Amino acid sequence: MSTTHTAQDWHAHYAAGRDFRPLSDTEKTVLTKHLALPEGAEGARALEVACGTGELARFLAAAGYQVDAVDWAQSAVDKASADSAGVSCHHLDLTSGDLSSLAPAGSGGYRLITMRRALAHLPDRTRTVAELAALLDEDGTLCVITPHADRHPEELRGICLDDAEIDLLADGWQHTERIEAGDLTVLLLRGPKSDPVTYSEKRTPKPSAMAGVAVVVTNDRGQVLLGWNPSRAVWELPAGKVEPGEAFEATAVRELAEEAGLHARPESVLLLGTLCDSTHGFTRITEIARLTDYTGKPTVREPELITRWEWHTPFAVRNLPQPIFTASAQALNVVWPGLLPDVPPAHHTPRPTGRVQLTFAEPATAIRLREQLVQDLTDAGWTDTPELRRAFVTVPRHAFLPEQSLPRAYANEAVATVFDEDTGRSMSSVSQPEMQAVMLRRANLRPGANVLEIGGGGYNACLIAELVGPHGSVVCMEIDPYVHARTERFLAETGYADRVRAVLGDGTNGAPGELIPADGFDAIIVTVASNDVARYWTNQLAEGGHLVVPLRIGGFTRAVGLRNEDPALVSTEISPCGFVPMQGAGRWDETAAPLGDTGYGIRWEDTPPTALDGLDRALAAGGTELWTGVTVLGGESVEDLQLWLATSLAGFCRMEGDPDRPGPVRLPKRSGAETIILGRSLACLMTERREHDEADGASTWEFGVQGFGPDGKAAADTLAAAVQTWDRDLRGRATPRLTVVPAGTPDSALPAGDIVEKKDSRIVVSWPGRDEAPAPAVGRNTASGRSDEQ
């Protein structure tokens with residue numbers, strides 16, 4: 001039998017009328033004994049990988065499995081499809097990294113995945129096994145059948161695995177079973193481990209080897225090359241010491257050729273900086289070289305050091321069952337910051353951005369998932385213009401989330417990337433695509449526009465760059481050095497470094513003067529929740545330009561589109577949203593003022609605080625309860641009610657506490673209760689379910705109010721009346737208009753509405769119907785509880 005290794009070889013093999021070695025009686029006995037379906041499990045899903053002409057797939061179907069079968073030779077798939085009734089056959093390049101496309105429709109995964117006499121032909125076995133593991137259901141089995149090297153002559157070594165290679169495949173599984181079947185080994189793997197990758201040092205190095213270069217090279221699918229060092233049981237990057245007088249670029253090229261048989265030019269090497277750490281009492285210096293332009297295929301050239309080279313998807317490296325050499329892990333985290341968790345620290349001295357242009361590559365799965373995301377956004381009405389759809393299809397979101405799997409990266413969800421160490425709260429994230437589409441649309445972006453983004457990460461800035469085109473400009477401000485470093489790296493990886501200017505600094509202060517266009521920015525997009533409209537943003541916005549900001553009013557955050565109608569900004573659209581909080585000068589304090597030892601606290605938000613003396617005793621004494629008659633359906637949006645209460649009621653605040661802790665206040669499960677305080681009395685909003693339909697799960701809830709203190713009844717009546725006014729005059733019929741003017745603007749210059757006082761601005765909330773006609777400034781309610789008469 002001749003050894004064949006490529007899809008083309010196998011296609012020719014089957015096209016010539018040749019077949020594959022049939023299942024032996026021993027194999028059938030082992031499969032029947034160990035993989036038979038229990039009674040009642042008929043129809044469970046199975047996947048046969050490298051199915052050939054389909055004999056094993058037909059065997060599994062006869063055993064009761066519902067079988068999908070794939071092969072990388074089209075001629076084999078054609079023959080299997082013709083001869084395998086009841087088996088779904090597909091053509092797929094097994095080396096593409098696109099095995100996730102085989103995930104069965106619906107929930108769960110495959111009960112059984114088989115790969116017979118094929119794994120030895122694949123170059124990236126560790127990655128392939130990991131990708132197949134991700135397709136199993138929680139009780140699934142991966143069955144690998146392979147010729148054993150000890151039972152075949154040397155000339156057939158290319159189709160076999162030896163004990164060391166089999167043991168490597170079995171790493172990372174909770175349950176393994178090995179069965180010898182003649183000249184074959186059958187490996188049954190169950191329960192892939194989810195432990196994060198670990199890191200390991202090698203033997204004490206020679207002092208001459210302490211200055212070296214680690215080469216991070218990726219292929220045309222975005223996969224990174226790692227070599228297996230069996231003597232030290234670690235995966236590592238191509239790397240080596242710097243020869244006397246040798247440039248780092250030359251070292252990278254030489255070592256890549258000597259170790260892995262890949263050839264590159266020194267001018268194709270991008271140096272990312274120097275890592276400095278210590279090992280075995282020595283100082284270790286490692287230069288990180290990045291490379292995408294090379295020729296050749298990975299080949300073992302120094303078997304005494306590396307016995308195999310494999311291409312790995314960066315995300316999959318996070319879950320390698322074997323350790324990664326520490327210096328290699330540190331280098332990988334320079335290229336993809338955040339990729340690997342808990343890497344031993346090393347000081348990184350970055351180099352200035354070089355002129356070398358990297359070639360961005362990605363697996364077919366990423367393109368498919370991106371197109372599906374855009375289709376879903378379009379079907380839901382979010383990407384409603386060709387320009388938006390083109391931007392979302394073009395920019396690779398997963399490149400900005402290397403620590404996430406591809407399905408997670410392309411879910412319509414926000415993904416946190418940085419957490420507060422003390423609270424665990426998200427401090428930076430890649431926003432939900434749906435919300436990004438909303439905000440980009442509200443920014444009214446046009447080709448040639450100049451845009452300032454407040455908040456880094458890079459993905460949204462690249463979407464903006466696609467919308468404004470080559471003649472536009474994008475400045476991206478980020479206050480966190482780590483997030484800024486991620487942004488710069490990912491912009492370089494994806495080819496947007498020349499189209500987005502990433503700046504480290506406090507975005508509350510706007511862009512640096514030298515980056516502000518002569519007429520101001522056409523759009524400013526803020527991607528962190530802000531408690532104010534900073535004066536710098538207003539000053540740097542062009543006349544007629546658009547500011548889009550997640551604006552916090554009364555403790556509620558709304559994505560607000562504002563147009564500069566000098567001297568005021570006037571809202572165009574408003575919708576609820578959730579964003580990580582502003583840092584730096586725009587940071588606000590969310591600490592609640594305690595009400596004695598009751599376990600409750602008050603957050604004042606935009607209302608000037610007043611004394612809370614006696615309110616703890618008022619709560620302890622009990623209070624009054626009344627119902628408004630206003631009902632809402634479960635899940636119904638009430639964001640306009642929240643804004644109405646927060647801006648129209650004097651003394652508005654939020655009461656916080658543990659909703660599951662017994663106490664006098666019936667706090668909602670969500671965060672806090674809308675509350676007003678009048679002197680030594682207060683009233684809190686609550687809800688109670690009135691109806692519930694078991695058939696469809698629909699519920700109806702009624703708003704009620706609790707009042708406490710000597711004037712608790714009056715406070716409750718005031719809050720209930722505000723809810724009833726909303727229901728009668730505003731609900732579902734009125735969207736408020738926000739007018740933002742600089743702090744210090746006199747009331748006489750403001751439109752009718754409720755005034756919210758901020759540090760840099762005054763925000764007027766005007767409601768259609770109530771505030772349509774001009775109203776005198778004197779006597780009008782304000783969120784601060786003040787007017788010109790006070």
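Here the structure is a predicted model, which means the values were calculated and not measured.
Ring geometry for Y459 against F400 counts as tilted: the plane angle lies between 30° and 60°, on a 0 to 90° scale. Classification of the F652-F556 ring pair by plane angle, with boundaries at 30° and 60°, yields tilted. Ring geometry for Y410 versus H398: interplanar angle of 30 to 60°, hence tilted.
Residues R552 and R603 approach most closely at NH2-NH2, 3.7 Å, considering heavy atoms. Scanning both residues, L541 and N564, for their nearest heavy atoms gives O-ND2, 3.3 Å. The minimum heavy-atom distance linking A722 with W644 is given by the pair O-NE1, 2.9 Å. Across all their heavy atoms, P768 and L730 have their closest contact at O-CD2, 4.1 Å. Minimum interatomic distance between Q436 and S431 (heavy atoms only, all atoms of both residues): OE1-O, 3.3 Å.
The pair R370-E362 counts as a salt bridge, with a side-chain nitrogen and a carboxylate oxygen less than 4.0 angstrom apart. Between R486 and E478 there is no salt bridge, since no side-chain N of the basic residue sits under 4.0 Å from a carboxylate O of the acidic one. Between E543 and R563, none of the side-chain N atoms (NZ, or NE/NH1/NH2) sits under 4.0 Å from a carboxylate O, so this pair counts as no salt bridge. In summary, E403 and R408 do not engage in a salt bridge, as defined by a charged side-chain N under 4.0 Å from a carboxylate O. A salt bridge does not link R770 with D729: every distance from a Lys NZ or Arg NE/NH1/NH2 to an Asp or Glu carboxylate oxygen is 4.0 Å or more. With salt bridges taken as basic N to acidic carboxylate O contacts below 4.0 Å, none links R390 and E466.
Two residues are said to be in side-chain contact when any heavy atoms from C-beta on lie closer than 4.5 Å; R290 and E493 meet this criterion. The shortest distance between side-chain heavy atoms of T313 and P363 does not fall below 4.5 Å. L440 places a side-chain heavy atom less than 4.5 Å from the side chain of N460. Counting only heavy atoms from C-beta outward, the side chains of T735 and D640 never approach each other to under 4.5 Å.
For the 3.5 Å distance criterion, the side chains of Q642 and R558 qualify, holding a donor opposite an acceptor. In this model, no donor atom of one side chain and acceptor atom of the other lie less than 3.5 Å apart for T292 and T218. Between the side chains of N444 and R446, at least one donor-acceptor pair of N or O atoms lies under 3.5 Å. For N412 and E434, the side-chain atoms include at least one donor-acceptor pair closer than 3.5 Å.
The backbone N or O of A585 sits less than 3.5 Å from a side-chain atom of D506, completing a donor-acceptor pair. Side-chain N or O atoms of T631 include none that pairs as donor or acceptor with a backbone N or O of E702 at under 3.5 Å. No side-chain donor-acceptor contact under 3.5 Å links D760 to the backbone of V533. No donor-acceptor pair closer than 3.5 Å links the side chain of D606 to the backbone N or O of V756. Counting only distance, with no hydrogens or angles, the side chain of T417 and the backbone of S428 share a donor-acceptor pair below 3.5 Å.
Remark: R221 CZ is packed, more than 12 non-hydrogen atoms of other residues, nucleotides or ligands lying under 6.0 Å away.
For the pairing with R731, the side-chain contact (heavy atoms from CB on, under 4.5 Å) check across V632, L641, V723 returns one residue only, V632. None of T745, D532, T538, T739 except one satisfies the side chain to side chain donor-acceptor pair (under 3.5 Å) rule with S761; the exception is D532.
Of the inter-residue distances, the one linking I454 atom CD1 with N509 atom CG reads 9.0 Å to the nearest 0.5 angstrom. Of the inter-residue distances, the one linking D519 atom CG with Q540 atom CD reads 13.5 Å to the nearest 0.5 angstrom.
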